[in-house]
Amino acid sequence: MTIDGINPSDPGRQLLQQAVADIPGECLWLVHCGGFQGIKPHANRLILDIREQPVAGEQCIPDRLPLHLQPTATQAQAPTATATDAVVWPRAHLGRDFTERCLALATSVLKPGGRLWCAARKSKGGKTIAGVMKSMVGNVEVVRRNRGYHLYRSELIAPDLAAVRERLDRTYSFEHPLLPAAITTVPGVFSRTHLDRGTAALIEFLATTRANRRATRVLDLCAGVGPLGLWALKTWPNAQAWAVDSNILATALTSHNARVAGMADRMHVHLGDGLRKPSRELARHRGRFDLALVNPPTHAPVEAFAALITSLKSWLRPGAEAFIVVNRAGRLRKILAESAASVEVHSVPGFELVRATWPQPA
Ligand SMILES: C[S@@+](CC[C@H](N)C(=O)[O-])C[C@H]1O[C@@H](n2cnc3c(N)ncnc32)[C@H](O)[C@@H]1O
């Protein structure tokens, strides 16, 4: 899988890889960096998406929610601070707050005297990143340069633990009149500060056109933090929803948001690459969903996008509706046509709401 925001030949990544090439893997943490080539085996690599694969024998560790959002029964201990070196590769598209969270996570795994590393273009946020490193760790220096990139290093001597904790615990919350309760998010998930406009357009359309029809099994594919599934559970008090996403933090937040809404028993969460490897519990419902709601990752590579969309056919009961919200339906229409779907497009300001159904096989 290609990971968004990661290009192995980036000069900044090369600076980082060289800086930690000799560090024993057990003493090294890669914080949302993707895989590094040319490092010692057994590095600890924090991952955000379940599709990320280890390279060079790295040990992939799923990221997790701030402690105060984890259910008490499953609260995991913070990793012990045993690393000598921790690396952060900024993922610009996930926002500055995500980079800050990564820097805080990296700081929290370092033992005294450990080194925090980051590389960025000086002209594209490098100075701000250096400022954050300094505010948390107390010092920062540029140790190498390569084609506009600076390699920054801080040494853990007297970190500002309150500044680290504030970034580790950062959450957002937003509401919408059609949703059952406030939605909580963290940096690193889709549309973390507000309900996405496309998602809002879809539920507003469905609320006026579908609410008086019955749905008992709803599939929220690419669910993010769960707004579409939660809308369905509020609309149909006897319905069950299955929320599927590959983002580890997003699926944990869907569970959290369902708990807060008092709907945990009706919201089933599946962390996976779409519906490719369903759990046994989810697989029991193949071909039995009577509604699918999808705000898909339109920036995904075309094959991955098509695989997500065409999988709907075998999960819905014949004749059941899928609603998919996109900015422009062109590529989606083509994929749906190739999978023999009947398609209707409803245009609303800024979006196209695509209704797809698949008839019973002849
Ligand atoms: C546009 S966001 C929509 C999120 C949510 N439905 C909403 O309306 O706010 C797309 C979501 O698809 C997820 N995603 C991308 N590729 C995926 C895949 N192969 N399998 C499962 N989820 C995926 C992303 O993690 C992201 O949460």
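Fair warning: this is a prediction, and the values are worked out from it, not measured in the lab. Counting begins at 1 with the first residue of the sequence.
Rounded to the nearest 0.5 Å, atoms CD1 (I324) and CD1 (I309) are 4.5 Å apart. Distance check, rounded to the nearest 0.5 Å: CD of E344 to CG of L336 gives 12.5 Å. Distance NE2/H42 to CG/L28: 12.5 Å, rounded to 0.5 Å. The distance from the CZ atom of R170 to the CZ atom of R192 is 10.0 Å, given to the nearest 0.5 Å. Interatomic distance, CG of L69 versus CZ of R64, reported as 12.5 Å (0.5 Å rounding). C27 SG to K40 NZ: the interatomic distance, rounded to the nearest 0.5 Å, is 12.0 Å.
Within 6.0 Å of the NZ atom in K234, the count of heavy atoms belonging to other residues, nucleotides or ligands exceeds 12. A 6.0 Å sphere centred on CZ of R197 holds no more than 12 heavy atoms belonging to other residues, nucleotides or ligands.
The shortest distance between side-chain heavy atoms of T254 and M267 falls below 4.5 Å. Counting heavy atoms from C-beta on, the side chains of L103 and M133 come closer than 4.5 Å. Annotation: side chain of E321 is in contact with side chain of R213 (closest heavy-atom distance under 4.5 Å). At least one side-chain heavy atom of R13 sits less than 4.5 Å from a side-chain heavy atom of F36. Side-chain atoms of L168 and S108, non-hydrogen and from C-beta on, do get closer than 4.5 Å to each other.
In the model, S314 has a side-chain atom that pairs as donor or acceptor with a side-chain atom of R286 under 3.5 Å. For the 3.5 Å distance criterion, the side chains of S311 and W315 fail to qualify, holding no donor opposite an acceptor. Residues N238 and T216 have side chains that never bring a donor and an acceptor to within less than 3.5 angstrom of each other. Remark: the H176 side chain and the E204 side chain contain an N/O donor-acceptor pair separated by less than 3.5 Å. A donor-acceptor pair shorter than 3.5 Å can be found between the side chains of H285 and R217. Between the side chains of S246 and D49, at least one donor N or O lies within less than 3.5 Å of an accepting N or O.
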Review point. When you look at F289 and W242, which way does the ring-ring contact (aromatic ring centres under 6.0 Å, His included) test go after all the steps?
Key: CA-CA 9 Å; F289 283 97; W242 276 259; 5.4 Å; yes
Review point. Stepwise, does the side chain to side chain contact (heavy atoms under 4.5 Å, CB included) test hold for R210 with R355?
Key: CA-CA 12 Å; R210 291 296 181 282; R355 172 188 181 273; 3.7 Å; yes
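Hydrophobic cluster membership differs between W89 and L48, with clusters built from Ile, Leu, Val, Met, Phe, Trp and Tyr side chains linked at under 4.5 angstrom. Hydrophobic clustering (side-chain heavy atoms under 4.5 Å, transitive across Ile, Leu, Val, Met, Phe, Trp, Tyr) keeps W117 apart from I61. Hydrophobic clustering of Ile, Leu, Val, Met, Phe, Trp and Tyr side chains at less than 4.5 Å, counting indirect connections, unites L228 with I183. Hydrophobic clustering, with ILVMFWY side chains joined whenever heavy atoms are under 4.5 angstrom apart, groups I39 together with L15. A continuous path of Ile, Leu, Val, Met, Phe, Trp and Tyr side chains, each step under 4.5 Å between heavy atoms, connects F351 with L206, placing both in one hydrophobic cluster.
Here the shortest heavy-atom pairing between I129 and A120 reads CD1-CB, 3.9 Å.
In summary, of the residues considered (V137, T84, T82, L116), a side-chain contact (heavy atoms from CB on, under 4.5 Å) with L110 occurs for L116 alone. Under the side-chain contact (heavy atoms from CB on, under 4.5 Å) rule, C222 has a single partner from L308, N295, N247, which is L308.
Using cut-offs of 30° and 60° for the angle between ring planes, the H32 and F98 rings count as tilted.
Ion pairing between R333 and E352 fails under the 4.0 Å rule for side-chain N and carboxylate O.
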